[in-house]
Amino acid sequence: MTQVTMTVNGKAVSGDVEGRTLLSEFLREGQRMTGTHVGCDTSQCGACVVHVNGEAVKSCTTLVLDIDRAEVKTIEGMANADGSLGVIQQAFQDHHGLQCGFCTPGMVMSAAALLKDNPKPSEAEVREYLEGNICRCTGYHNIVKAIMAASGQDVAPMAAE
Ligand code: FES
Ligand code: FES
């Protein structure tokens with residue numbers, strides 16, 4: 001076991017990990033932060049997406065030992081300081097961008113990474129960016145709409161699905 005330290009949602013955390021410990025496991029089991037989900041074992045679904053040093057990564061494919069001292073942000077860190085929903089979270093609610101909610105944490109984290117790099121993405125750009133995030137419920141349309149709305153764009157002309 002090796003001790004690692006990192007900052008998760010602004011709070012310093014540490015833990016003893018094995019060489020094989022995945023970030024998804026560290027967050028869910030070590031830190032009891034269970035918003036980050038695991039939906040596959042082939043790095044395809046994106047339910048486990050978090051930010052590491054500001055970049056979106058799949059935490060099921062990230063070894064904790066490789067990111068010692070990193071800054072990690074998870075869905076639990078996306079609400080505003082007063083506890084109200086962050087802009088992207090609110091947009092998912094407003095535009096019905098979730099059903100079972102299992103993909104949603106990863107979707108929101110991916111959306112945040114996209115909007116940081118591309119504050120006004122086109123619909124095609126949003127769809128392309130989400131190729132690493134699978135949703136079984138929504139058919140994606142309302143997720144795309146929510147992300148575009150979160151970027152401040154008028155989504156009224158986009159039909160609801
Ligand atoms: S659990 Fe990480 S990509 Fe599916
Ligand atoms: S809302 Fe159920 S998988 Fe996306």
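Bear in mind the structure is a predicted one, so any value in this text is a computation, not a measurement. Indexing begins at 1, ligand by ligand and atom by atom, following the structure's order.
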*Between S59 and T36, is any side-chain donor less than 3.5 angstrom from a side-chain acceptor?*
no

_I'd like to check which ligand 1 atoms, numbered from 1 as shown, lie under 4.0 Å from a non-hydrogen atom of K58._
3 (S)

*Identify, by atom number and element, the atoms of ligand 1 in contact range of C48, meaning under 4.0 Å from any of its heavy atoms.*
1 (S), 2 (Fe), 3 (S)

A quick test of your reading: do over 12 heavy atoms of other residues, nucleotides or ligands sit less than 6.0 Å from [atom1] of [X]?
{"X": "K11", "atom1": "NZ", "value": "no"}
{"X": "E128", "atom1": "CD", "value": "no"}
{"X": "E131", "atom1": "CD", "value": "no"}

Do [X] and [Y] have side chains that approach each other closer than 4.5 Å (heavy atoms only, starting at C-beta)?
{"X": "M33", "Y": "N9", "result": "yes"}
{"X": "M6", "Y": "V8", "result": "yes"}
{"X": "M107", "Y": "Y140", "result": "yes"}

*When you measure from atom 3 (S) of ligand 1 to every protein heavy atom, which one gives the shortest distance, and what is it?*
G46 N, 3.2 Å

*How close does the nearest protein non-hydrogen atom get to atom 1 (S) of ligand 1, and which residue and atom is it?*
G39 N, 3.3 Å

*Using 2.8 Å as a strict upper limit, say whether an N, O or S atom of C60 approaches atom 2 (Fe) of ligand 1 that closely.*
yes

*Look at C45 and state whether any of its N, O or S atoms is less than 2.8 Å from atom 2 (Fe) of ligand 1.*
no

*Give the minimum heavy-atom separation between V38 and F102, together with the two atoms involved.*
O-CZ, 3.4 Å

*With backbone taken as N, CA, C and O and side chain as the heavy atoms from C-beta onward, which portion of S43 lies under 4.0 Å from ligand 1: side chain, backbone, both, or neither?*
backbone

*Within the stated cut-off of 2.8 Å, is an N/O/S atom of C137 closer than that to atom 4 (Fe) of ligand 2?*
no

*atom 4 (Fe) of ligand 2 reached by C100 (N, O or S, under 2.8 Å)*: no

*Hey, which atoms in ligand 2 end up nearer than 4.0 Å to a heavy atom of C103?*
1 (S), 3 (S), 4 (Fe)

*Under 4.0 Å from a heavy atom of G101: give me the atoms of ligand 2 that qualify, with their elements.*
1 (S), 2 (Fe)

